[in-house]
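We number each residue from 1, following the sequence as shown. In listed order, ligands and their atoms are each counted from 1.
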Amino acid sequence: MPDLSTTYMGLRLKNPLIAGSCGLTGTLAGLKELEAGGAAAVVLKSIFEEEIAAEYADMLAEAKKKGMSLESYDYYDYQVRGDRVASYVELVGQAKQALSIPVIASINCTYSHEWASFAHDIETAGADGLELNMFFLPSDMKRSSEEREQEYFLIVERVLKQVRIPVALKISPYFSTLAQVIHRLSRTGIAALVLFNRFSSIDFDIEKMAVSASNRLSTPAELSLPLRWVALMARRVDCDLAASTGVHDGAGLIKQLLAGAKAVQAVSTLYRNSAGRAAAMLTDLGDWMDRHGYKTIADFRGAMSQEESGDPAVYERVQFMKHYGGE
Ligand SMILES: Cc1cc2nc3c(=O)[nH]c(=O)nc-3n(C[C@H](O)[C@H](O)[C@H](O)COP(=O)(O)O)c2cc1C
């Protein structure tokens, strides 16, 4: 059996497959199942600052209805935040006790000033690493892309000052100069970049004239976007790269390792096929390595990155030309 072990964010992993942040990683029972299913690490469900703010808004509205004075405002803010952070910190502590694989906590924040204190609490709870789940929909017409981008750097700087555990940043592909942003972010001191987050989409119910959620889970076809970007950026960045989105089977896992990913995160396939899917994907990886004579992951990681390619132009070709499969 080939050696599947690797390192990611400075953490030693028994294999490169991580259960990504989602509902399955939001409970202790789910986390235990994922470990038993073969995942080498887990990224906990994010703690969402947005949700805390919404809960706070509800409490505030309720308090106002009851005629409470606005002096309670700060108290409720503090209380809601405290409760949410406390239960998240408790989950981190329980996961650390119950699992023998690394536990990476995850924060999603919308207001930059709040991140740092969450991060500190999570580190104290014993998390092995921290993933920052950052995304601002580029629908804001008031701020330039430079101003938006700047927020990423400010937040990273603030968090890195607060914690000593390794920090990963999970980003979206929605940047106007993606390669440059990835490169610059990789030099901030973060341990890894996760390419890419995937977002819930909307759909319209044309009978009820209502907006609904759609495409909660990814399809294997969605692998192609992160695959291109991992392949383009591998060996050109100063931190590890993890791939996320569209990895549903052993082949997807192998492709992302060939592109240059240090670790690969999976979510939708675990929902569709259960936590045990990880073991099947890893068996496929081991068999493939045997067939190709690879003894360790390092023997082939990044072998198909753009940097290693004999035809680097193909990685940047985005239009159909005759010799590229177009008719
Ligand atoms: C039900 C569900 C909940 C999710 N919750 C989070 C979350 O809390 N934080 C986060 O960073 N990503 C979250 N994600 C996104 C996943 O971590 C992942 O990036 C995305 O599903 C793409 O990977 P996949 O193609 O393997 O599903 C969630 C995804 C799903 C399906």
Minimum side-chain heavy-atom gap Thr188-Glu157 below 4.5 Å | no
Between Leu217 and ligand 1, which residue portion shows a heavy-atom distance shorter than 4.0 Å: side chain, backbone, both, or neither?
-> side chain
Is the NZ or CZ atom of Arg216 both under 6.0 Å from the centre of the six-membered ring of Tyr271 and within 45° of that ring's axis?
-> yes
Within the side chain of Ser46, is there an N or O that forms a donor-acceptor pair under 3.5 Å with the backbone of Phe48?
-> no
Identify, for atom 9 (N) of ligand 1, the protein heavy atom at the shortest distance, and state residue, atom and that distance.
-> Ser46 OG, 2.6 Å
re atom 27 (O) of ligand 1, the protein heavy-atom contact at minimum distance is Ser268 OG, 2.5 Å
Which residue holds the protein heavy atom closest to atom 5 (N) of ligand 1, what is that atom called, and what is the gap in Å?
-> Lys45 NZ, 3.0 Å
Does Asn197 come within less than 4.0 angstrom of ligand 1, counting non-hydrogen atoms of the residue?
-> yes
Ranking Ser172, Ser218, Ser200, Pro220 by closest non-hydrogen atom to atom 25 (O) of ligand 1, top hit is Ser218
Tell me, which protein residue and heavy-atom name are nearest atom 22 (C) of ligand 1, and how many Å apart are they?
-> Thr245 OG1, 3.3 Å
Starting from atom 20 (C) of ligand 1, find the nearest protein heavy-atom neighbour and note its residue, name and distance.
-> Arg198 CB, 3.8 Å
Starting from atom 29 (C) of ligand 1, find the nearest protein heavy-atom neighbour and note its residue, name and distance.
-> Val267 CG1, 4.0 Å
Between Arg301 and Tyr294, is any pair of side-chain heavy atoms under 4.5 Å apart?
-> no
Any idea which atoms of ligand 1 are less than 4.0 Å away from a heavy-atom of Ser244?
-> 18 (C), 19 (O), 22 (C), 23 (O)
Are Glu147 and Lys142 close enough that some pair of their side-chain heavy atoms sits under 4.5 Å apart?
-> no
In terms of atom number and element, which parts of ligand 1 are under 4.0 angstrom from non-hydrogen atoms of Arg216?
-> 1 (C), 31 (C)
Any idea which protein heavy atom is nearest atom 1 (C) of ligand 1, and the distance to it?
-> Tyr271 OH, 3.3 Å
Ligand 1 to Asn133, heavy atom cutoff 4.0 Å, flagged ligand atoms 9 (N), 10 (C), 11 (O)
Thr269 N/O to ligand 1 N/O under 3.5 Å = no
Which is closest to atom 14 (N) of ligand 1 by heavy-atom distance: Gly20, Cys22, Ser21?
-> Ser21
What one should report as the nearest heavy-atom pair of Leu34 and Leu24 is CD1-O, 3.9 Å
Could an N or O of ligand 1 be found under 3.5 Å from any N or O of Ser106, whether backbone or side chain?
-> no
Under 3.5 Å donor-acceptor, Gln306 side chain and Pro312 backbone = yes
Quick one: are Ile104 and Met9 in side-chain contact, heavy atoms under 4.5 Å?
-> yes
For the residue pair Ser5 and Arg12, establish whether any side-chain heavy-atom pair is separated by less than 4.5 Å.
-> yes
Heavy atoms only: give me the nearest Pro173-Leu178 pair and the separation to one decimal.
-> O-CD2, 3.9 Å
Kindly indicate whether the side chain of Ile101, heavy atoms from C-beta on, has any atom under 4.5 Å from the side chain of Asp128.
-> no
Check whether any N or O atom of Gly246, backbone or side chain, sits under 3.5 Å from an N or O atom of ligand 1, and answer yes or no.
-> yes
Subset of ligand 1 atoms that lie under 4.0 Å from at least one heavy atom of Ala266 = 26 (O)
Going by distance only, is there an N or O of His248 that falls short of 3.5 Å from an N or O of ligand 1?
-> no
Would you say Thr6 and Lys262 make side-chain contact, with heavy atoms under 4.5 Å?
-> yes
For atom 12 (N) of ligand 1, the protein heavy atom that lies nearest, with its residue and separation = Lys170 NZ, 3.0 Å
